[in-house]
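Atom set for the values below is all heavy atoms of this structure, side chains included, hydrogens, waters and symmetry mates excluded. Since the structure is predicted, the reported quantities are computational estimates derived from the model, not experimental observations.
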Amino acid sequence: MNYWLVKTEPETFSWEDLETKGSSMWDGVRNYQARNNLRKMKTGDILFFYHSGKKPGIVGLAEVIKEYYPDPTAKEGDWSVVDVKPLQKLKRFISLAEIKQTPELQNMVLLQSMRLSVQPVRSEEFSLIQKLALQDQ
DNA sequence: GCCAACGTTGGC
DNA sequence: GCCAACGTTGGC
């Protein structure tokens with residue numbers, strides 16, 4: 001099983017929107033690296049759901065429920081989507097600032113490659129962040 | 001609102 | 001194939 005992080009602007013599509021919908025197509029990816037990551041996702045892989053913008057950070061956990069297929073919103077080009085469903089909101093919001101302050105998380109793709117909207121997360125990073133979310137801050 | 005980091009485009 | 005110009009993302 002692999003872990004990923006997907007970014008979204010909450011004004012466009014938020015964690016609450018995903019919970020309301022129940023499941024959703026992850027569409028609109030128009031970056032090759034991000035697309036290639038989407039294509040590596042397998043059913044059952046877990047995603048960190050990240051809000052960018054005013055209050056950047058990780059909000060919740062989602063799961064891949066359908067592997068990649070052509071993006072119906074793409075007018076041209078070879079783009080893909082996967083389907084995801086919400087699993088649970090993190091017990092505690094993990095802000096980008098907190099990730100930046102955590103020594104063990106300095107190698108996260110999130111910090112190395114700030115603009116990539118679909119990115120892999122190492123399993124150590126995934127479990128540490130989950131642990132942090134259970135702690136009081 | 002600013003600006004750095006990137007990605008893309010297009011001229012040569 | 002190089003590189004300047006431009007557009008976009010996203011943190012601050």
Side-chain angles (χ1 to χ4, degrees):
Chain A
M1 138 133 53
N2 288 302
Y3 303 100
W4 309 93
L5 182 148
V6 294
K7 287 188 188 179
T8 174
E9 289 178 54
E11 293 79 11
T12 310
F13 189 80
S14 68
W15 171 258
E16 287 72 25
D17 293 331
L18 181 64
E19 283 193 327
T20 306
K21 282 185 74 179
S23 72
S24 177
M25 199 168 65
W26 203 258
D27 62 19
V29 171
R30 296 292 181 273
N31 169 283
Y32 290 110
Q33 222 184 323
R35 180 202 69 184
N36 293 342
N37 286 333
L38 272 185
R39 291 183 176 179
K40 288 182 205 150
M41 290 181 183
K42 300 287 178 205
T43 303
D45 280 1
I46 307 293
L47 315 176
F48 278 137
F49 196 101
Y50 178 96
H51 279 175
S52 61
K54 290 198 183 72
K55 220 184 144 211
I58 300 170
V59 187
L61 293 176
E63 180 184 352
V64 177
I65 54 172
K66 186 172 176 195
E67 287 168 25
Y68 80 90
Y69 55 98
D71 186 341
T73 70
K75 296 216 168 52
E76 57 177 33
D78 181 21
W79 302 108
S80 301
V81 296
V82 297
D83 286 353
V84 303
K85 72 166 189 197
L87 283 180
Q88 63 188 65
K89 197 169 175 172
L90 289 190
K91 290 255 162 36
R92 187 170 68 80
F93 174 75
I94 301 295
S95 69
L96 176 61
E98 187 172 349
I99 291 169
K100 283 187 168 170
Q101 286 162 19
T102 306
E104 299 91 329
L105 297 177
Q106 294 310 301
N107 291 324
M108 279 191 79
V109 179
L110 183 66
L111 302 186
Q112 311 281 357
S113 184
M114 212 62 195
R115 293 183 52 190
L116 186 60
S117 63
V118 181
Q119 48 180 266
V121 174
R122 296 173 192 90
S123 58
E124 316 88 78
E125 295 161 350
F126 179 83
S127 33
L128 179 59
I129 290 172
Q130 279 221 296
K131 217 166 81 186
L132 287 178
L134 297 174
Q135 288 168 195
D136 294 333
Q137 175 73 1

Chain A vs DNA chain B, heavy-atom contacts under 4.0 Å, first-to-last nucleotide span, 5' to 3', is B:dA5 to B:dT8
Measure the acute angle between the ring planes of A:Phe126 and A:Tyr3, then classify it against the limits of 30° and 60° as parallel, tilted or perpendicular. parallel
What is the nucleic acid contact for A:Leu116, judged by heavy atoms within less than 4.0 Å: base, sugar-phosphate only, or nothing? nothing
With a 3.5 Å distance limit and no angle check, can you tell me whether A:Arg35 reaches the backbone of A:Asp78 through a side-chain donor-acceptor pair? yes
Kindly say whether A:Thr43 contributes a backbone atom to a donor-acceptor pair with the side chain of A:Glu67 at under 3.5 angstrom? yes
A:Arg30 vs A:Asp71, test: salt bridge (charged side-chain N to carboxylate O under 4.0 Å, His left out). Steps then yes/no. CA-CA 10 Å; A:Arg30 296 292 181 273; A:Asp71 186 341; 2.9 Å; yes
With a non-hydrogen cut-off below 4.0 angstrom, is A:Lys54 in contact with a base, only sugar-phosphate, or nothing? nothing
Evaluation steps, salt bridge (charged side-chain N to carboxylate O under 4.0 Å, His left out), between A:Lys131 and A:Glu104: CA-CA 13 Å; A:Lys131 217 166 81 186; A:Glu104 299 91 329; over 6 Å; no
